[in-house]
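What follows is a set of notes on a single structure, which appears directly below.
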Amino acid sequence: MNYKTLLIALCLFAICTCDLSYLRMDDQNVALPSPDRNLPTAEYLAYHKYPLEVHYVTTEDGYILKYNRIQAKKSKIVSGKKPIFLQHGLLDCSDTWIINEEKLAPAFILANAGYDVWMGNSRGNMFGRNHTTLNPDTDKAFWNFSFDEMSKYDLPAGFAYIANVTGFDKIHYVGHSQGSTTMFIALSTRNQGVLKYLDKVAAFGPVAKVKNEYSKVLSALADYNVDWLMYALGIHEVFAYSWLKHPFLETVCGFLGKVCRAFLGPIADTDPKVDNYKRMDVLVGHDPAGTSLMNMEHWKQMVKQGNFQAYDYGAIENLKKYHSLKAPLYDLTKIQEKVYLFAGSTDSLADPTDVAWMRTQLPNFWFKEYNYGHCTFMWGISNEHMDDLLNILQGQDPTPTPSSQ
Ligand SMILES: *[C@@H]1O[C@H](CO)[C@@H](O)[C@H](O)[C@H]1NC(C)=O
Ligand SMILES: *[C@@H]1O[C@H](CO)[C@@H](O)[C@H](O)[C@H]1NC(C)=O
Ligand SMILES: *[C@@H]1O[C@H](CO)[C@@H](O)[C@H](O)[C@H]1NC(C)=O
């Protein structure tokens with residue numbers, strides 16, 4: 001970590017994350033430190049006795065993404081089980097699906113229910129810092145992407161790869177947050193490389209428009225021009241895993257749980273009433289996992305302009321790239337597939353007002369609202385949504401939340 005990244009990391013923390021009200025919160029009987037808090041993915045899975053296969057998926061534009069494949073506890077990876085593709089959200093990584101307690105972690109629940117679980121990674125995070133020709137440390141061009149490219153290239157590459165290895169031509173998909181956004185883009189632009197593989201499509205904390213979001217990180221980005229400071233300093237990668245000294249943080253979080261919460265809780269807008277603070281020390285060993293500044297910039301544009309739209313390059317570049325002065329909007333009404341929307345009533349990023357708008361656009365959806373925040377779907381203290389998901393995958397849709405709400 002050089003002085004520039006340190007400086008920026010400190011600025012961001014000062015601006016958006018240090019919320020002292022977290023210090024006053026009731027203790028959730030937090031029994032830290034967790035014994036598995038220092039383990040990287042492979043060791044973590046071995047500790048919990050899940051079989052792992054690591055795969056490298058190469059996209060059409062050369063990005064090499066690490067995928068982790070797991071199956072039921074104490075088993076060996078076999079073929080013939082129905083594949084399900086899990087895609088994480090903004091600043092997150094594939095480990096998000098396994099870091100909660102075993103009985104609550106979505107990937108473990110799915111694996112033990114008999115699924116072949118594939119956890120993807122987006123370009124630019126700590127498991128997607130790899131390319132056939134570009135070097136992420138020295139080539140600026142590596143960081144020239146936003147979630148538009150994750151949708152256009154990462155998703156079809158992931159589906160094609162999983163289909164090829166498993167022999168299944170239809171694959172279930174669950175996307176959290178930005179992992180749902182990229183799917184909405186693929187569906188609305190009718191990306192055949194994605195459409196042809198789809199079985200059930202579920203969106204946890206679904207995000208298209210973010211007009212009403214009030215998350216700390218996105219709001220800080222929109223309100224303060226920290227992005228320009230970073231561009232000026234030549235920084236293209238943000239919230240990189242290496243920004244935070246993880247072993248140190250894990251230790252701090254293990255022994256000073258409250259301080260850790262005050263510092264890190266707000267980054268992910270977590271809430272001790274619904275999120276599992278017992279696992280906070282494990283969480284900081286795996287998140288935040290980094291992305292490009294251009295991706296954050298795209299999110300900022302979405303907040304400021306209030307639309308679900310492609311990256312805005314400015315009028316002249318837009319004209320070259322999109323043949324229009326403005327960045328094109330993504331049109332949810334073009335989506336023909338049924339989408340399963342799992343929404344949180346206190347979700348600051350996928351705000352209920354924005355999700356309500358989404359429901360006026362989507363021609364075919366199932367919707368249920370849970371008493372959840374944005375990350376509760378992965379890190380929560382309830383598995384109500386996972387029970388519902390398992391029923392959906394079996395072809396039995398649970399009762400949705402009435403549309404009047
Ligand atoms: C980059 O991808 C190749 C496989 O294509 C892999 O062997 C290598 O370990 C990866 N490097 C990193 C740093 O992940
Ligand atoms: C970034 O990508 C766009 C197309 O997506 C391209 O027009 C532009 O030249 C690229 N810039 C750099 C610095 O690679
Ligand atoms: C499918 O897998 C085979 C064997 O690993 C490989 O040779 C082939 O290139 C793969 N095809 C695609 C489309 O990934």
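When a ligand or atom number is given, it counts from 1 through the structure's own listing order.
Ring to ring, Phe342 and Tyr340 are not that close: their centroids are 6.0 angstrom or more apart. Taking the six-membered ring for Trp and the full ring otherwise, Phe377 and Tyr372 have centroids separated by under 6.0 Å. Two rings, from Tyr153 and Tyr63, have their centers 6.0 Å or more apart.
Among all heavy-atom pairs drawn from Gly128 and Leu65, the shortest one is CA-CD2, 4.0 Å.
When heavy-atom distances to ligand 1 are checked against 4.0 Å, the residues falling inside are Tyr56, Ile64, Asn130, ordered by chain and number.
Residue-environment remark: NZ (Lys334) stays at or below the threshold of 12 foreign heavy atoms within 6.0 Å.
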Would you tabulate the side-chain donor-acceptor contacts of residues 78-85 under 3.5 Å, counting partners in other chains and residues two or more places apart, or write 'none'?
unit_1 : atom_1 : unit_2 : atom_2 : d
Lys82  : NZ     : Lys170 : O      : 3.1
Lys82  : NZ     : Asp199 : OD2    : 2.7

